[in-house]
Amino acid sequence: MMFRSFCLATCAATLALGGCTATVARDAPQTAAAPVAVSEQPAKNVILFIGDGMGISTVTAARIYAGQKQGQTGEEYVLPFENFDHVALVKTYNSNAQVPDSAGTASAMNTGVKTNIGMLGYGPGATLGDCASGKGNEVPLVSEEARDKGKALGIVSTARITHATPAAVYARSVSRNWEGDSEIPEDQRGLGCMDIARQLVETPFDVALGGGSAAFFGEGKGGRRLEAGADLPGEWTAKTGGTFATSMDEMTAAPAGKPLLGLFSPSHMTFTADRTPESTEPTLTDMTAAAVGRLRGDPQGYYLMVESGRIDHGHHAGQAGYALEEAVEFARAIQWAIDNTDPEETLILVTADHSHVFTMAGYPRRGNDILGLVVPPAGGGEDGDTGEGPSLAADGKPYTTLGYGNGPGAIKPGGREMPETGVAAHQQAAIPTGSETHGGEDVALYANGPGAQNVRGVMEQNLIYDVIRKAFGWAD
(Lines give C-alpha, C1' and ligand atoms only; values in the text may rest on other atoms or scores of the structure.)
Protein backbone atom coordinates (compact mmCIF):
# COMPACT_ATOMS: atom_id res chain seq x y z
CA MET A 1 0.00 0.00 0.00
CA MET A 2 1.31 3.42 -0.88
CA PHE A 3 1.79 5.75 2.06
CA ARG A 4 1.50 9.49 1.99
CA SER A 5 4.74 11.32 2.46
CA PHE A 6 5.61 12.74 5.84
CA CYS A 7 5.24 16.29 4.57
CA LEU A 8 1.80 15.74 3.08
CA ALA A 9 0.60 13.92 6.18
CA THR A 10 1.90 16.64 8.46
CA CYS A 11 0.20 19.32 6.39
CA ALA A 12 -3.05 17.39 6.40
CA ALA A 13 -2.92 16.98 10.14
CA THR A 14 -2.19 20.66 10.57
CA LEU A 15 -5.18 21.62 8.45
CA ALA A 16 -7.41 19.21 10.29
CA LEU A 17 -6.38 20.12 13.81
CA GLY A 18 -4.45 23.37 13.85
CA GLY A 19 -5.48 26.98 14.03
CA CYS A 20 -5.95 27.32 10.26
CA THR A 21 -8.92 28.94 8.59
CA ALA A 22 -11.71 26.42 8.15
CA THR A 23 -12.28 25.21 4.60
CA VAL A 24 -15.67 23.59 5.22
CA ALA A 25 -19.10 24.99 5.94
CA ARG A 26 -19.58 25.89 9.57
CA ASP A 27 -22.25 23.23 10.04
CA ALA A 28 -20.51 20.48 8.05
CA PRO A 29 -18.79 17.69 9.97
CA GLN A 30 -15.01 17.72 9.73
CA THR A 31 -13.87 14.32 8.49
CA ALA A 32 -10.32 13.35 9.35
CA ALA A 33 -10.13 9.70 8.32
CA ALA A 34 -12.47 7.39 6.46
CA PRO A 35 -13.16 4.09 8.25
CA VAL A 36 -11.91 0.99 6.46
CA ALA A 37 -13.21 -2.54 6.27
CA VAL A 38 -11.85 -4.76 9.03
CA SER A 39 -9.11 -7.05 7.72
CA GLU A 40 -9.53 -10.79 8.21
CA GLN A 41 -5.76 -11.13 8.50
CA PRO A 42 -3.96 -10.73 11.86
CA ALA A 43 -2.54 -7.32 12.62
CA LYS A 44 1.14 -6.87 11.96
CA ASN A 45 1.22 -3.83 14.23
CA VAL A 46 -0.80 -2.44 17.13
CA ILE A 47 -0.69 1.16 18.33
CA LEU A 48 -2.39 1.82 21.66
CA PHE A 49 -3.05 5.54 22.13
CA ILE A 50 -3.88 6.47 25.74
CA GLY A 51 -5.12 9.94 26.57
CA ASP A 52 -4.41 10.01 30.29
CA GLY A 53 -7.55 11.33 31.97
CA MET A 54 -9.39 11.78 28.65
CA GLY A 55 -12.90 10.99 29.81
CA ILE A 56 -15.93 11.50 27.61
CA SER A 57 -16.49 15.07 28.85
CA THR A 58 -12.88 15.82 27.87
CA VAL A 59 -13.40 14.32 24.40
CA THR A 60 -16.52 16.47 23.93
CA ALA A 61 -14.81 19.65 25.11
CA ALA A 62 -11.69 18.88 23.03
CA ARG A 63 -13.86 18.36 19.94
CA ILE A 64 -15.47 21.76 20.41
CA TYR A 65 -12.15 23.43 21.27
CA ALA A 66 -10.39 21.96 18.21
CA GLY A 67 -13.21 23.14 15.95
CA GLN A 68 -13.24 26.61 17.45
CA LYS A 69 -9.48 26.91 16.97
CA GLN A 70 -10.09 26.76 13.22
CA GLY A 71 -13.09 29.07 13.12
CA GLN A 72 -15.99 26.66 13.44
CA THR A 73 -18.68 26.75 16.09
CA GLY A 74 -17.05 23.56 17.36
CA GLU A 75 -19.94 21.25 18.13
CA GLU A 76 -19.95 19.89 14.56
CA TYR A 77 -16.23 19.08 14.56
CA VAL A 78 -15.06 15.46 14.42
CA LEU A 79 -11.82 14.32 16.02
CA PRO A 80 -9.83 11.80 13.94
CA PHE A 81 -10.63 8.76 16.05
CA GLU A 82 -14.34 9.62 16.13
CA ASN A 83 -14.53 8.34 12.55
CA PHE A 84 -13.65 4.81 13.66
CA ASP A 85 -16.53 2.37 13.21
CA HIS A 86 -15.81 0.34 16.33
CA VAL A 87 -16.46 1.98 19.70
CA ALA A 88 -17.02 0.64 23.21
CA LEU A 89 -17.46 1.89 26.74
CA VAL A 90 -14.80 0.70 29.16
CA LYS A 91 -15.21 0.13 32.92
CA THR A 92 -12.13 1.51 34.64
CA TYR A 93 -12.36 0.50 38.31
CA ASN A 94 -9.31 -1.07 39.98
CA SER A 95 -9.62 -4.36 41.87
CA ASN A 96 -9.68 -2.43 45.16
CA ALA A 97 -10.85 1.03 44.07
CA GLN A 98 -14.14 2.32 42.69
CA VAL A 99 -12.35 5.33 41.17
CA PRO A 100 -9.00 4.24 39.75
CA ASP A 101 -5.48 5.50 39.28
CA SER A 102 -3.31 5.28 36.16
CA ALA A 103 -1.11 2.44 37.42
CA GLY A 104 -3.93 -0.03 37.95
CA THR A 105 -5.74 0.97 34.76
CA ALA A 106 -2.70 0.93 32.47
CA SER A 107 -1.65 -2.38 33.99
CA ALA A 108 -5.09 -3.81 33.21
CA MET A 109 -4.67 -2.91 29.55
CA ASN A 110 -1.16 -4.33 29.33
CA THR A 111 -1.61 -7.49 31.41
CA GLY A 112 -5.22 -8.59 31.09
CA VAL A 113 -5.65 -8.49 34.87
CA LYS A 114 -7.32 -5.80 36.96
CA THR A 115 -5.13 -4.96 39.91
CA ASN A 116 -4.85 -2.70 42.93
CA ILE A 117 -4.49 1.04 42.79
CA GLY A 118 -0.84 2.07 42.57
CA MET A 119 0.39 -1.32 41.23
CA LEU A 120 2.29 -2.08 38.02
CA GLY A 121 2.51 -5.58 36.56
CA TYR A 122 1.45 -7.45 39.71
CA GLY A 123 -1.92 -9.00 40.41
CA PRO A 124 -4.17 -7.96 43.30
CA GLY A 125 -2.54 -10.52 45.61
CA ALA A 126 0.46 -8.22 46.06
CA THR A 127 0.50 -5.48 48.70
CA LEU A 128 1.19 -1.86 47.81
CA GLY A 129 4.74 -0.91 48.80
CA ASP A 130 5.70 -4.41 50.00
CA CYS A 131 8.50 -5.70 47.79
CA ALA A 132 8.36 -9.31 48.98
CA SER A 133 4.61 -9.54 48.33
CA GLY A 134 5.15 -9.31 44.60
CA LYS A 135 6.76 -12.74 44.36
CA GLY A 136 4.30 -15.15 42.80
CA ASN A 137 1.91 -12.35 41.83
CA GLU A 138 3.61 -11.36 38.58
CA VAL A 139 1.27 -11.05 35.61
CA PRO A 140 2.23 -11.30 31.91
CA LEU A 141 2.99 -8.19 29.90
CA VAL A 142 1.80 -7.99 26.30
CA SER A 143 5.09 -6.24 25.46
CA GLU A 144 7.05 -9.28 26.62
CA GLU A 145 4.97 -11.57 24.43
CA ALA A 146 5.44 -9.19 21.50
CA ARG A 147 9.22 -9.25 21.92
CA ASP A 148 9.24 -13.05 22.33
CA LYS A 149 7.43 -13.29 19.00
CA GLY A 150 9.97 -11.05 17.28
CA LYS A 151 8.03 -7.80 17.26
CA ALA A 152 9.59 -4.41 17.93
CA LEU A 153 8.57 -2.39 20.98
CA GLY A 154 7.98 1.33 21.35
CA ILE A 155 6.94 3.53 24.29
CA VAL A 156 6.11 7.23 23.90
CA SER A 157 4.82 9.67 26.53
CA THR A 158 4.74 13.37 27.29
CA ALA A 159 4.95 12.43 30.98
CA ARG A 160 8.00 10.98 32.65
CA ILE A 161 8.79 7.73 30.84
CA THR A 162 8.83 6.10 34.30
CA HIS A 163 5.38 7.45 35.14
CA ALA A 164 2.52 5.02 35.71
CA THR A 165 1.06 4.68 32.21
CA PRO A 166 4.27 4.22 30.20
CA ALA A 167 5.81 2.14 33.00
CA ALA A 168 2.91 -0.31 32.79
CA VAL A 169 4.16 -1.33 29.34
CA TYR A 170 7.54 -2.63 30.52
CA ALA A 171 7.80 -2.66 34.34
CA ARG A 172 6.59 -4.51 37.41
CA SER A 173 6.52 -2.59 40.66
CA VAL A 174 4.53 -2.89 43.87
CA SER A 175 4.56 0.91 43.93
CA ARG A 176 4.20 3.24 40.97
CA ASN A 177 6.25 5.76 42.96
CA TRP A 178 9.45 3.72 42.79
CA GLU A 179 10.54 5.50 39.61
CA GLY A 180 14.17 5.77 40.71
CA ASP A 181 16.14 3.86 43.34
CA SER A 182 16.03 6.81 45.74
CA GLU A 183 12.21 6.54 45.79
CA ILE A 184 12.32 3.01 47.19
CA PRO A 185 12.01 3.24 51.01
CA GLU A 186 15.11 2.14 52.91
CA ASP A 187 13.37 -0.85 54.47
CA GLN A 188 12.44 -2.13 50.98
CA ARG A 189 15.86 -1.80 49.38
CA GLY A 190 17.94 -4.88 48.75
CA LEU A 191 14.91 -7.19 48.70
CA GLY A 192 15.02 -7.84 44.96
CA CYS A 193 12.77 -5.04 43.70
CA MET A 194 14.21 -2.98 40.86
CA ASP A 195 13.29 0.67 40.36
CA ILE A 196 11.34 1.55 37.23
CA ALA A 197 14.10 3.52 35.48
CA ARG A 198 16.49 0.58 35.87
CA GLN A 199 13.80 -1.74 34.50
CA LEU A 200 13.46 0.41 31.38
CA VAL A 201 17.15 0.31 30.47
CA GLU A 202 17.13 -3.45 31.01
CA THR A 203 14.13 -3.88 28.68
CA PRO A 204 15.00 -4.65 25.05
CA PHE A 205 12.91 -1.84 23.55
CA ASP A 206 13.44 -0.27 20.14
CA VAL A 207 12.17 3.24 20.88
CA ALA A 208 11.40 4.94 24.21
CA LEU A 209 10.67 8.67 24.17
CA GLY A 210 9.43 10.97 26.93
CA GLY A 211 10.42 13.01 29.95
CA GLY A 212 11.88 12.12 33.32
CA SER A 213 15.67 12.11 32.95
CA ALA A 214 16.21 12.80 36.68
CA ALA A 215 15.37 9.18 37.58
CA PHE A 216 18.20 7.96 35.33
CA PHE A 217 21.10 10.05 36.67
CA GLY A 218 22.79 10.71 39.96
CA GLU A 219 23.32 14.11 41.57
CA GLY A 220 26.51 14.63 39.62
CA LYS A 221 24.50 14.79 36.41
CA GLY A 222 21.45 16.62 37.71
CA GLY A 223 19.46 13.56 38.73
CA ARG A 224 18.22 11.96 41.92
CA ARG A 225 19.60 8.42 41.88
CA LEU A 226 21.39 7.22 45.03
CA GLU A 227 24.83 7.07 43.43
CA ALA A 228 26.04 10.57 42.60
CA GLY A 229 27.72 9.38 39.40
CA ALA A 230 24.91 7.15 38.18
CA ASP A 231 24.32 7.30 34.43
CA LEU A 232 21.78 4.73 33.25
CA PRO A 233 21.59 6.11 29.68
CA GLY A 234 25.39 5.81 29.45
CA GLU A 235 25.20 2.20 30.59
CA TRP A 236 22.39 1.56 28.12
CA THR A 237 24.19 3.02 25.09
CA ALA A 238 27.35 1.06 25.93
CA LYS A 239 25.38 -2.17 26.13
CA THR A 240 23.06 -1.70 23.15
CA GLY A 241 24.92 0.58 20.77
CA GLY A 242 21.79 2.72 20.73
CA THR A 243 21.42 6.50 20.70
CA PHE A 244 20.49 8.63 23.69
CA ALA A 245 18.75 11.87 22.69
CA THR A 246 17.91 14.91 24.78
CA SER A 247 16.43 17.19 22.09
CA MET A 248 14.33 17.16 18.94
CA ASP A 249 17.45 17.61 16.80
CA GLU A 250 19.25 14.71 18.45
CA MET A 251 16.18 12.50 18.08
CA THR A 252 15.90 13.35 14.38
CA ALA A 253 19.61 12.75 13.77
CA ALA A 254 19.70 9.36 15.52
CA PRO A 255 20.86 6.67 13.08
CA ALA A 256 18.38 4.02 12.01
CA GLY A 257 18.83 0.37 12.81
CA LYS A 258 19.73 0.89 16.46
CA PRO A 259 17.49 1.50 19.48
CA LEU A 260 16.66 5.04 20.53
CA LEU A 261 16.16 6.41 24.06
CA GLY A 262 14.98 10.01 24.28
CA LEU A 263 14.58 11.85 27.58
CA PHE A 264 13.73 15.45 26.88
CA SER A 265 13.18 16.98 30.32
CA PRO A 266 14.08 16.24 33.95
CA SER A 267 10.43 15.58 34.81
CA HIS A 268 7.28 15.75 32.67
CA MET A 269 7.60 17.42 29.29
CA THR A 270 6.43 21.01 28.81
CA PHE A 271 2.69 21.62 28.51
CA THR A 272 1.68 22.36 24.93
CA ALA A 273 0.20 25.67 26.12
CA ASP A 274 3.59 26.68 27.56
CA ARG A 275 5.77 25.71 24.60
CA THR A 276 7.76 28.45 22.90
CA PRO A 277 9.29 28.54 19.39
CA GLU A 278 12.69 28.06 21.03
CA SER A 279 11.71 24.76 22.65
CA THR A 280 14.11 21.88 22.02
CA GLU A 281 11.52 19.29 23.03
CA PRO A 282 9.68 17.32 20.34
CA THR A 283 5.90 17.39 20.35
CA LEU A 284 3.81 14.26 20.86
CA THR A 285 3.26 14.17 17.09
CA ASP A 286 7.02 14.44 16.50
CA MET A 287 7.67 11.54 18.88
CA THR A 288 4.88 9.44 17.36
CA ALA A 289 6.31 10.02 13.88
CA ALA A 290 9.83 9.15 15.04
CA ALA A 291 8.63 5.98 16.75
CA VAL A 292 6.50 4.72 13.85
CA GLY A 293 9.23 5.64 11.37
CA ARG A 294 11.72 3.44 13.19
CA LEU A 295 9.40 0.59 14.18
CA ARG A 296 7.73 -0.01 10.81
CA GLY A 297 11.00 -1.31 9.40
CA ASP A 298 10.73 -4.42 11.53
CA PRO A 299 9.55 -7.29 9.30
CA GLN A 300 7.66 -8.91 12.20
CA GLY A 301 5.78 -5.73 13.10
CA TYR A 302 5.55 -3.84 16.37
CA TYR A 303 3.63 -2.92 19.50
CA LEU A 304 3.63 0.81 20.29
CA MET A 305 2.01 2.63 23.21
CA VAL A 306 1.62 6.40 22.86
CA GLU A 307 0.45 8.38 25.89
CA SER A 308 -0.67 11.97 26.11
CA GLY A 309 0.21 12.17 29.78
CA ARG A 310 -0.40 15.82 30.44
CA ILE A 311 -4.13 15.90 29.72
CA ASP A 312 -4.31 14.39 33.18
CA HIS A 313 -2.00 16.99 34.70
CA GLY A 314 -3.96 19.89 33.29
CA HIS A 315 -7.10 18.52 34.91
CA HIS A 316 -5.39 17.85 38.24
CA ALA A 317 -4.38 21.53 38.28
CA GLY A 318 -7.97 22.55 37.53
CA GLN A 319 -6.88 24.11 34.22
CA ALA A 320 -9.17 22.83 31.50
CA GLY A 321 -7.49 24.90 28.79
CA TYR A 322 -4.17 23.19 29.45
CA ALA A 323 -5.84 19.77 29.31
CA LEU A 324 -7.62 20.61 26.06
CA GLU A 325 -4.45 21.86 24.40
CA GLU A 326 -2.89 18.49 25.24
CA ALA A 327 -5.94 16.68 23.86
CA VAL A 328 -5.74 18.58 20.56
CA GLU A 329 -2.07 17.65 20.19
CA PHE A 330 -3.01 14.05 21.05
CA ALA A 331 -5.56 14.10 18.21
CA ARG A 332 -2.90 15.52 15.89
CA ALA A 333 -0.59 12.60 16.72
CA ILE A 334 -3.41 10.13 16.06
CA GLN A 335 -4.11 11.80 12.71
CA TRP A 336 -0.44 11.37 11.80
CA ALA A 337 -0.63 7.67 12.64
CA ILE A 338 -3.80 7.25 10.57
CA ASP A 339 -2.16 8.90 7.58
CA ASN A 340 1.10 6.98 7.86
CA THR A 341 0.07 3.41 8.63
CA ASP A 342 -1.68 0.76 6.55
CA PRO A 343 -5.17 0.13 8.01
CA GLU A 344 -5.08 -3.41 6.63
CA GLU A 345 -2.12 -4.32 8.83
CA THR A 346 -2.19 -1.87 11.76
CA LEU A 347 -4.77 -1.84 14.55
CA ILE A 348 -5.11 1.62 16.10
CA LEU A 349 -6.77 1.78 19.51
CA VAL A 350 -7.60 5.09 21.19
CA THR A 351 -8.77 5.20 24.79
CA ALA A 352 -8.23 6.70 28.22
CA ASP A 353 -7.06 5.10 31.42
CA HIS A 354 -9.68 6.96 33.48
CA SER A 355 -11.78 10.09 33.55
CA HIS A 356 -11.83 13.25 35.70
CA VAL A 357 -14.50 15.13 37.65
CA PHE A 358 -14.71 17.53 34.73
CA THR A 359 -18.06 18.97 33.71
CA MET A 360 -19.77 20.97 30.97
CA ALA A 361 -22.73 22.82 32.42
CA GLY A 362 -25.27 25.59 32.00
CA TYR A 363 -27.10 26.32 28.74
CA PRO A 364 -24.50 28.03 26.54
CA ARG A 365 -25.44 28.99 23.00
CA ARG A 366 -24.18 27.09 19.98
CA GLY A 367 -20.57 28.08 19.31
CA ASN A 368 -20.09 29.67 22.74
CA ASP A 369 -16.40 29.90 23.67
CA ILE A 370 -15.78 26.55 25.36
CA LEU A 371 -13.26 28.23 27.69
CA GLY A 372 -15.51 31.21 28.35
CA LEU A 373 -18.55 32.25 30.35
CA VAL A 374 -21.93 30.68 29.70
CA VAL A 375 -23.90 32.90 27.33
CA PRO A 376 -27.42 31.60 26.58
CA PRO A 377 -28.94 31.35 23.11
CA ALA A 378 -30.33 34.51 21.58
CA GLY A 379 -33.87 35.03 22.78
CA GLY A 380 -33.32 33.20 26.04
CA GLY A 381 -32.28 29.84 27.38
CA GLU A 382 -33.71 26.98 29.38
CA ASP A 383 -33.20 28.83 32.66
CA GLY A 384 -35.02 31.97 31.51
CA ASP A 385 -31.94 34.09 30.72
CA THR A 386 -32.60 36.67 28.04
CA GLY A 387 -29.53 35.85 25.97
CA GLU A 388 -28.29 39.44 26.12
CA GLY A 389 -25.31 38.67 28.32
CA PRO A 390 -23.65 35.96 30.41
CA SER A 391 -25.93 33.77 32.47
CA LEU A 392 -25.87 34.63 36.16
CA ALA A 393 -25.83 32.16 39.04
CA ALA A 394 -27.85 32.64 42.22
CA ASP A 395 -25.00 34.73 43.66
CA GLY A 396 -25.38 37.24 40.83
CA LYS A 397 -22.08 36.32 39.16
CA PRO A 398 -21.48 34.63 35.81
CA TYR A 399 -20.03 31.13 35.53
CA THR A 400 -18.07 29.15 32.97
CA THR A 401 -19.21 26.22 30.85
CA LEU A 402 -16.34 24.09 32.15
CA GLY A 403 -15.82 23.30 35.80
CA TYR A 404 -14.74 20.61 38.26
CA GLY A 405 -16.41 18.66 41.02
CA ASN A 406 -13.36 19.23 43.21
CA GLY A 407 -9.91 20.75 42.99
CA PRO A 408 -7.75 23.76 43.78
CA GLY A 409 -10.32 26.14 42.28
CA ALA A 410 -12.90 25.44 44.97
CA ILE A 411 -15.24 28.18 46.11
CA LYS A 412 -13.91 29.92 49.20
CA PRO A 413 -15.95 30.33 52.40
CA GLY A 414 -16.27 34.06 51.78
CA GLY A 415 -18.09 33.54 48.53
CA ARG A 416 -17.39 32.85 44.90
CA GLU A 417 -14.96 35.06 43.04
CA MET A 418 -15.43 36.15 39.45
CA PRO A 419 -14.49 33.17 37.28
CA GLU A 420 -11.40 33.16 35.09
CA THR A 421 -11.62 32.44 31.36
CA GLY A 422 -9.15 31.49 28.63
CA VAL A 423 -6.49 28.82 28.18
CA ALA A 424 -4.64 29.58 31.41
CA ALA A 425 -7.78 29.89 33.57
CA HIS A 426 -8.27 27.86 36.73
CA GLN A 427 -11.87 26.72 36.55
CA GLN A 428 -13.99 26.84 39.66
CA ALA A 429 -14.73 23.67 41.64
CA ALA A 430 -17.20 22.62 44.30
CA ILE A 431 -15.06 20.74 46.84
CA PRO A 432 -11.64 21.98 48.01
CA THR A 433 -8.85 19.52 47.30
CA GLY A 434 -5.20 20.27 46.66
CA SER A 435 -5.39 18.44 43.35
CA GLU A 436 -8.51 17.69 41.31
CA THR A 437 -9.27 13.97 41.36
CA HIS A 438 -10.00 11.28 38.82
CA GLY A 439 -13.59 10.40 37.93
CA GLY A 440 -15.02 6.90 38.05
CA GLU A 441 -17.29 6.81 35.01
CA ASP A 442 -16.64 4.69 31.93
CA VAL A 443 -14.28 5.90 29.22
CA ALA A 444 -14.51 5.29 25.48
CA LEU A 445 -12.43 2.93 23.35
CA TYR A 446 -12.19 3.57 19.61
CA ALA A 447 -10.69 1.02 17.18
CA ASN A 448 -9.76 0.81 13.50
CA GLY A 449 -7.93 -1.92 11.61
CA PRO A 450 -7.56 -5.68 11.96
CA GLY A 451 -9.18 -6.90 15.17
CA ALA A 452 -11.25 -3.74 15.63
CA GLN A 453 -14.43 -5.82 15.52
CA ASN A 454 -13.63 -7.06 19.04
CA VAL A 455 -14.23 -3.54 20.39
CA ARG A 456 -17.95 -3.32 21.14
CA GLY A 457 -20.51 -2.91 23.89
CA VAL A 458 -19.48 -2.29 27.48
CA MET A 459 -16.12 -3.86 28.29
CA GLU A 460 -13.94 -4.46 31.29
CA GLN A 461 -10.70 -2.54 30.87
CA ASN A 462 -8.50 -5.62 31.15
CA LEU A 463 -10.15 -7.03 28.00
CA ILE A 464 -8.19 -4.48 25.95
CA TYR A 465 -5.26 -6.85 26.49
CA ASP A 466 -7.33 -9.60 24.84
CA VAL A 467 -8.24 -7.30 21.95
CA ILE A 468 -4.52 -6.71 21.30
CA ARG A 469 -3.61 -10.40 21.51
CA LYS A 470 -6.51 -11.47 19.28
CA ALA A 471 -5.57 -8.80 16.74
CA PHE A 472 -2.03 -10.21 16.61
CA GLY A 473 -3.49 -13.68 16.12
CA TRP A 474 -2.28 -15.02 19.46
CA ALA A 475 -5.66 -15.98 20.91
CA ASP A 476 -9.01 -17.32 19.72
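Only a predicted model underlies this, so the values are computations on that prediction, with no experimental measurement involved.
Here salt bridge (Lys or Arg N to Asp or Glu O under 4.0 Å) pairs that include residues 149-172, with residues two or more places apart or in two chains, are E144-R172, E145-K149, R160-E179. Identified under the salt bridge (Lys or Arg N to Asp or Glu O under 4.0 Å) test for residues 310-330, with sequence neighbours left out: K69-E325, E329-R332. Within the structure, salt bridge (Lys or Arg N to Asp or Glu O under 4.0 Å) contacts touching residues 97-106 (residues at least two apart or in different chains) are D101-R176. Screening residues 65-172 for disulfide (SG to SG under 2.5 Å), with sequence neighbours left out, gives C131-C193. Legend: salt bridge (Lys or Arg N to Asp or Glu O under 4.0 Å) pairs involving residues 103-119, not counting sequence neighbours, sorted by first then second residue: K114-E460.
Residues passing the side chain to side chain donor-acceptor pair (under 3.5 Å) test with D195 are R225, sequence neighbours excluded. With sequence neighbours excluded, the residues satisfying ring-ring contact (aromatic ring centres under 6.0 Å, His included) with Y446 are F81. F205 meets the ring-ring contact (aromatic ring centres under 6.0 Å, His included) test with W236; sequence neighbours excluded. Taking R294 as the reference, nothing meets the side chain to side chain donor-acceptor pair (under 3.5 Å) condition, with sequence neighbours excluded. Residues passing the side chain to side chain donor-acceptor pair (under 3.5 Å) test with D206: none are found, sequence neighbours excluded. For Y302, the ring-ring contact (aromatic ring centres under 6.0 Å, His included) test picks out no residue, with sequence neighbours left out. Residues that satisfy the ring-ring contact (aromatic ring centres under 6.0 Å, His included) test with Y322, not counting sequence neighbours, are F271.
Across every non-hydrogen atom of G55 and S355, the tightest pair is CA-OG, 3.4 Å. When all heavy atoms of L79 and A66 are compared, the pair lying nearest together is CD2-CB, 4.2 Å. Taking every heavy atom of both residues into account, H313 and A159 meet most closely at CE1-CB, 4.2 Å.
Between Y404 and H315, the ring planes lie perpendicular to each other; the angle is over 60°, past the 30° to 60° tilted range.
In this structure, a donor-acceptor pair under 3.5 Å is present between the side chains of E76 and T73. Under 3.5 Å, the side chains of N454 and H86 contain no donor-acceptor pair of N or O atoms.
Distance alone, capped at 3.5 Å, places no donor-acceptor pair between the S157 side chain and the P166 backbone. A donor-acceptor pair under 3.5 Å links the side-chain atoms of E250 to the main chain of T246, judged by distance alone. Between the T243 side chain and the L260 main chain, no donor and acceptor come within less than 3.5 Å of each other. Under the 3.5 Å distance criterion, the side-chain polar atoms of D342 are matched with a main-chain donor or acceptor of E344.
You'll find the side chain of S143 stays beyond 4.5 Å of the side chain of N110, heavy atoms only. Counting heavy atoms from C-beta on, the side chains of L120 and I196 come closer than 4.5 Å. With contacts defined as side-chain heavy-atom distances shorter than 4.5 Å, the pair M360/I64 qualifies.
Between T203 atom OG1 and L153 atom CG the span is 7.5 Å, to the nearest 0.5 Å. Interatomic distance, I155 CD1 to L261 CG, rounded to the nearest 0.5 Å: 9.5 Å.
Ring pair H438/H316: centre-to-centre distance below 6.0 Å.
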